[in-house]
Amino acid sequence: MGVFVASNTTFSVAANAKSADQVDGEFEFIGKGNISLSALSSATGLNVSLKVGGITIIDDKPIPFYGTTGGMKILDNILVNQAVNGGRIELFFRNTTAGALTVDYVVQFEPTR
């Protein structure tokens, strides 16, 4: 059974800014397993970076924009689903536009046996 490592709805990223690390607390450090990130941005121009154990999984890549109707669906908005060896999870968002943007996101971890 997996756990939600981090999640947020309508997380706002200021114009031309990079967010602070979005993962902290009990699940900031993980063991060997599978990590997935689902995200839905409010418009084009929002990038995401994800590292696990110092290894880059996503390096400042745009979050696909699917339109403004409807909410995020975890299975429909998966950006990455990757096996990892473990370590500290780091998640950052970077706004490349001149206006504030929002993002809904969920990071999940499933340990391997």
Side-chain angles (χ1 to χ4, degrees):
M1 174 182 242
V3 295
F4 276 19
V5 173
S7 65
N8 206 331
T9 57
T10 62
F11 174 70
S12 182
V13 183
N16 295 307
K18 184 176 180 180
S19 73
D21 186 3
Q22 295 302 299
V23 181
D24 61 1
E26 184 177 353
F27 299 113
E28 182 177 4
F29 294 90
I30 58 171
K32 189 174 183 177
N34 196 61
I35 192 156
S36 68
L37 167 65
S38 299
L40 179 65
S41 66
S42 60
T44 59
L46 196 59
N47 291 4
V48 64
S49 297
L50 176 67
K51 291 183 180 182
V52 177
I55 297 172
T56 302
I57 308 296
I58 302 175
D59 187 21
D60 198 37
K61 298 298 180 201
I63 298 172
F65 179 65
Y66 299 106
T68 58
T69 59
M72 184 186 78
K73 296 174 183 69
I74 292 174
L75 294 177
D76 290 345
N77 298 114
I78 292 176
L79 298 180
V80 68
N81 187 5
Q82 176 73 40
V84 294
N85 285 327
R88 181 173 182 253
I89 303 172
E90 299 173 82
L91 176 66
F92 298 94
F93 295 97
R94 186 173 68 86
N95 185 345
T96 63
T97 71
L101 295 176
T102 63
V103 62
D104 299 343
Y105 67 89
V106 173
V107 178
Q108 296 178 91
F109 173 69
E110 177 92 25
T112 55
R113 297 176 191 235

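No experiment lies behind these values; they were computed from the predicted model shown. These values consider heavy atoms only, across backbone and side chains, with no hydrogens, waters or symmetry-generated copies.
Residue L50 holds its CG atom at 6.0 Å from CG of L91, rounded to the nearest 0.5 Å. Of the inter-residue distances, the one linking K73 atom NZ with L40 atom CG reads 9.0 Å to the nearest 0.5 angstrom. Interatomic distance, OG of S19 versus CG of L46, reported as 8.5 Å (0.5 Å rounding). Atom-to-atom distance recorded for K51:NZ and T56:OG1 is 4.5 Å, nearest 0.5 angstrom. Separation of atoms OG (S38) and CG (D76) is listed at 9.0 Å; rounding is to 0.5 Å. Taking CG of N85 as the start and CD1 of I30 as the end, the distance is 10.0 Å to the nearest 0.5 Å.
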F4/F27 under ring-ring contact (aromatic ring centres under 6.0 Å, His included): CA gap, chis, key distance, verdict: CA-CA 8 Å; F4 276 19; F27 299 113; over 10 Å; no
Test side-chain contact (heavy atoms from CB on, under 4.5 Å) on I35 and I89; report intermediate values, then the result. CA-CA 10 Å; I35 192 156; I89 303 172; 3.6 Å; yes
Dump the intermediate steps for side-chain contact (heavy atoms from CB on, under 4.5 Å) on Q22 and F92, then the final yes or no. CA-CA 6 Å; Q22 295 302 299; F92 298 94; over 6 Å; no
Checking L37 against V48 for the side-chain contact (heavy atoms from CB on, under 4.5 Å) test, could you report, in this order, the C-alpha distance in whole Å, the side-chain angles of both residues, the deciding distance, and whether it holds? CA-CA 10 Å; L37 167 65; V48 64; 3.9 Å; yes
Step-by-step side-chain contact (heavy atoms from CB on, under 4.5 Å) determination, S42 to F65: CA-CA 7 Å; S42 60; F65 179 65; 5.7 Å; no
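Under the 4.5 Å side-chain contact rule for hydrophobic residues, Y105 and V3 share a cluster.
Side-chain N or O atoms of T102 include none that pairs as donor or acceptor with a backbone N or O of F11 at under 3.5 Å. For D24 (side chain) and E28 (main-chain N/O), no donor-acceptor pair under 3.5 Å exists by modelled atom type. Proximity of a side-chain donor or acceptor of D60 to a complementary backbone N or O of S49 within less than 3.5 Å is not detected.
Smallest separation of non-hydrogen atoms from P64 and L79: CD-CD2, 3.5 Å. Summarising the geometry of V103 relative to A39, their closest heavy-atom pair is CG2-CB, 4.2 Å, with the distance given to 0.1 Å. The two residues S7 and V106 have their closest heavy-atom pair at CB-CG2, 4.0 Å. The two residues N95 and V13 come nearest to each other via the heavy atoms ND2-O, 3.0 Å. Counting all heavy atoms, side chain and backbone alike, T10 lies closest to D104 at N-OD1, 2.7 Å. Looking at every heavy atom in both residues, L101 comes nearest to G45 through CD1-C, 3.8 Å.
Proximity of I55 to V84: side-chain heavy atoms (C-beta onward) are nowhere separated by under 4.5 Å.
A donor and an acceptor atom, one from each side chain of N34 and N81, are located under 3.5 Å apart.
A salt bridge links R88 with D21: the closest approach of a Lys/Arg side-chain nitrogen to an acidic carboxylate oxygen falls below 4.0 angstrom.
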